[in-house]
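Below, read A as the first sequence line, B as the second, and so on, with proteins coming before strands; counting in each chain starts at 1.
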Amino acid sequence: MEEVDVPALNGVSLDIAAGEFVAIMGHSGSGKSTLLNLLGCLDQPDSGRYVLGGQEVAGLGPDDLAGIRNRKIGFVFQNFNLLPRTTALENVELPLYYGPPIRGAARRERARSLLVRLGLGDRLMHHPGQLSGGQQQRVAIARALVNHPPLILADEPTGNLDSKSADDIMALFQELNREGITLVMVTHEPDIARYAKRTITMKDGMIV
Amino acid sequence: MNTVITMRIAMRALIRNKTRSLLTALGIIIGIAAVIAVVAVGQGASVTMQKQISSMGNNLVMIFPGSSRSGGFHGGMGTTQTLTADDGDAILRECPLVRAVSPLVRAGAQCIFRENNWATSILGVNVQYQDVRSWDIASGSFFTEADLRSASRVCVLGKTVATQLFQGDEPIGQTIRIKNMPFRVIGVMAVKGSAAWGQDQDDTIIAPWTTVRRVLQNSAFDNVNQLILSLASMEVLPQAKQEITGILRQRHRLSSGADDDFTITDMTEVTQMMTQVSRLMTLLLTVIASISLMVGGIGIMNIMLVAVSERTREIGLRLAVGARRRDILMQFLVEAVVLSGAGGLIGIAVGVSAANILAKINNWPVVISPGAVLLALGFSAGIGIFFGFYPAVRAARLNPIESLRRE
Ligand SMILES: Nc1ncnc2c1ncn2[C@@H]1O[C@H](COP(=O)(O)OP(=O)(O)OP(=O)(O)O)[C@@H](O)[C@H]1O
Ligand SMILES: [Mg+2]
């Protein structure tokens, strides 16, 4: 079988300013996740440019990209992606292991204060399996915030949550956005997209 | 990411799958245990062997009456009565390569001191015997030339006999009965230990050979069971053998065509045979150990590949939050090394216990060299690195997006 190149994204030109809260909508397979992965430096475009905070990203090696992901970007996933059989506290600490050296006590304190702020002060030692979906997503958000990144990327962050938890998460996102964090979020639900300041719709790898 | 944290992550991952980790480490455990035990046993055995051989005496040569050639292999050895104590004196006098000579007359006898009874062997020797065997006296004194000339009824006890007959009392000056004849105890020999063939060398009584021959064996002839002599060095052995043969042939008036009526033997054959056996054992066990370590290493590689595939999502997540490839590589490499290193530690413990048990059974000293232990530990860690490298590289090469998407 011959491999056929299928461009997942084609001719996308997008500017997102610091402090924006953008929702990306579109049908399944329209390229939303692909775009978000590019924004998150998890993937490199075959051609084209991507400038993040004034830095040209296209052409950087995997370790440089890892550094950018660690310092500048926080990820929130639909399925939370927490380490199983690991406490909430340690899950939140995870990005700190890969950043500049930090003492154990300071590391734990940073993770703890974030969890307290997100209302999980009494769940520090719980494993993901002992937490509700909403709580797990808040642990994941704490993990995304722990390195104080300027940009948070979320791929269907409420896809696995009930509407009450989803609204809570969106309220949290709005609060973070008010504090100056740039948010880009993929969603299928117009109700969720309404929390964003701006909505982009994609179709067949293009922005419409 | 610092090594302490990497170690902790590795430990936790291994403890999470306790049974699996233990089974995986089993190959390493067996291999390292075998190596440690082999080295310990081998060294213990060789130390014992050297001690036993040197306990025989320095550069020892033995001469038996009878030909080794007549009537097949060693057939005539010890059967004829041609060797005398005078032959020994002549050898010492005429061959400068010989340092000391003693005749040996053996008799078995029941010995009695008060109500204590002990059956042992009586060795009839001369005053040079101590020198030939390099055997010190522990207390009292050895007999003298005068005792030898007058065939006096004096004896020196081996440690075992002294213990059996006197049970802690002072033996020197006491009179024991050998074959119902009174003998005065004038000394006790130092502990000699067991001979290479396991016989207790301290279970003996030493007396002037003249006394043994005339009094215990009631014989008027001067022939002896054996001459035992010590050479100046082992290098002169071939030359000494030749000279001794010449002296004895002349003294025994053998015509040039006749066979020797005596046999000269030395310890080199015994030593060579024992070294060969122990070398073979070591080789065999080394092969077994290497195969086991090899299999253990492959087991580690296999289980690490499984771990990488099981934890693909975890790897994807770590990459997403900023782990570099070398962080992932190190994580899995350290895990493999911790696994094989722990296997090595357990293996060392098992090997040391096995060596101790073997040493106890065989009555060897336990010789566990720190060098061998360190080497084993280093080797097991090396196996972890070697066999853990490929799985770790596979983990580090994973693509973050694809890994995160894996169920
Ligand atoms: N690894 C891949 N190899 C080949 N094609 C891919 C790969 N990943 C994505 N695609 C294709 O790229 C296109 C965009 O996929 P993407 O995952 O971005 O869609 P999406 O908009 O996120 O859809 P959904 O809403 O279902 O998550 C799809 O046509 C998909 O088949
Ligand atoms: Mg998607």
Side-chain angles (χ1 to χ4, degrees), chain A residues 8 33-44 60-87 90-104 107-108 127-128 140 142-147 149 153 155, chain B residues 1-21 303-304 306-335 338 392-407:
Chain A
S33 295
T34 307
L35 176 59
L36 206 69
N37 288 338
L38 284 176
L39 296 180
C41 298
L42 284 167
D43 209 352
Q44 283 279 39
L60 289 182
D63 284 355
D64 292 324
L65 291 180
I68 292 175
R69 291 196 296 268
N70 183 251
R71 280 175 280 114
K72 298 199 172 160
I73 301 165
F75 290 94
V76 179
F77 305 93
Q78 176 175 357
N79 53 14
F80 323 133
N81 269 330
L82 297 174
L83 292 184
R85 291 174 290 185
T86 305
T87 62
E90 284 175 305
N91 264 293
V92 176
E93 285 175 49
L94 191 66
L96 296 175
Y97 290 125
Y98 301 109
I102 174 172
R103 313 234 342 211
R107 190 179 62 226
R108 274 186 293 281
H127 290 180
R143 181 182 62 197
L145 291 172
V146 77
N147 257 337
L153 301 175
D155 196 344
Chain B
M1 193 153 165
N2 76 46
T3 20
V4 179
I5 294 169
T6 316
M7 290 275 267
R8 220 165 52 203
I9 293 173
M11 293 290 281
R12 203 184 289 177
L14 292 172
I15 288 167
R16 213 165 259 173
N17 295 301
K18 272 188 223 68
T19 317
R20 186 166 95 180
S21 303
I303 223 67
M304 289 313 296
V306 170
V308 169
S309 126
E310 276 176 353
R311 277 149 55 195
T312 302
R313 264 171 78 107
E314 175 191 323
I315 295 165
L317 176 74
R318 287 180 186 275
L319 289 168
V321 301
R324 286 153 305 177
R325 288 166 157 206
R326 76 176 97 108
D327 293 323
I328 303 296
L329 182 93
M330 279 309 284
Q331 182 183 335
F332 283 90
L333 203 54
V334 165
E335 195 170 316
V338 168
V393 166
R394 286 255 298 235
R397 292 239 175 100
L398 285 174
N399 172 300
I401 301 169
E402 279 164 27
S403 309
L404 277 169
R405 212 180 270 153
R406 266 273 275 281
E407 275 317 307

Exercise. Any idea which of A/L94, A/T86, A/N147 has the most non-hydrogen atom pairs under 4.5 angstrom with chain B?
Worked result: A/L94
Problem set entry | B/L319 versus chain A, the contacting section by heavy-atom distance below 4.5 Å | both
Exercise. What part of A/E90 lies closer than 4.5 angstrom to a heavy atom of chain B: side chain, backbone, both or neither?
Worked result: side chain
For this session: Answer whether the closest heavy-atom distance between the side chains of A/N70 and B/R324 falls below 4.5 Å.
Result: no
For this session: Could you tell me which portion of B/R12 (side chain, backbone, both or neither) has an atom closer than 4.5 angstrom to a non-hydrogen atom of chain A?
Result: side chain
Problem set entry | Structural part of A/P84 lying under 4.5 Å from a heavy atom of chain B | backbone
Seminar exercise, completed: Nearest heavy-atom approach of B/G316 to B/S403 is CA-CB, 3.5 Å
Problem set entry | Straight-line distance of A/N91 CG to A/L83 CG, nearest 0.5 Å | 5.0 Å
Problem set entry | Exercise: identify the closest heavy-atom pair between A/L153 and A/L39 | CD1-C, 3.7 Å
For this session: Return the minimal non-hydrogen interatomic distance between B/L329 and B/A392, and the atom names on each side.
Result: O-CB, 3.5 Å
Problem set entry | chain B contact via A/R71 - side chain, backbone, both or neither, heavy atoms under 4.5 Å | neither
Problem set entry | Most chain A-contacting option - heavy-atom pairs closer than 4.5 Å, from B/R313, B/R325, B/R16 | B/R16
For this session: Examine whether an atom of A/N37 lies under 4.5 Å from a heavy atom of chain B, and if so say whether it belongs to the side chain, the backbone or both; otherwise answer neither.
Result: side chain
Exercise. Would you say B/S309 and B/R394 make side-chain contact, with heavy atoms under 4.5 Å?
Worked result: no
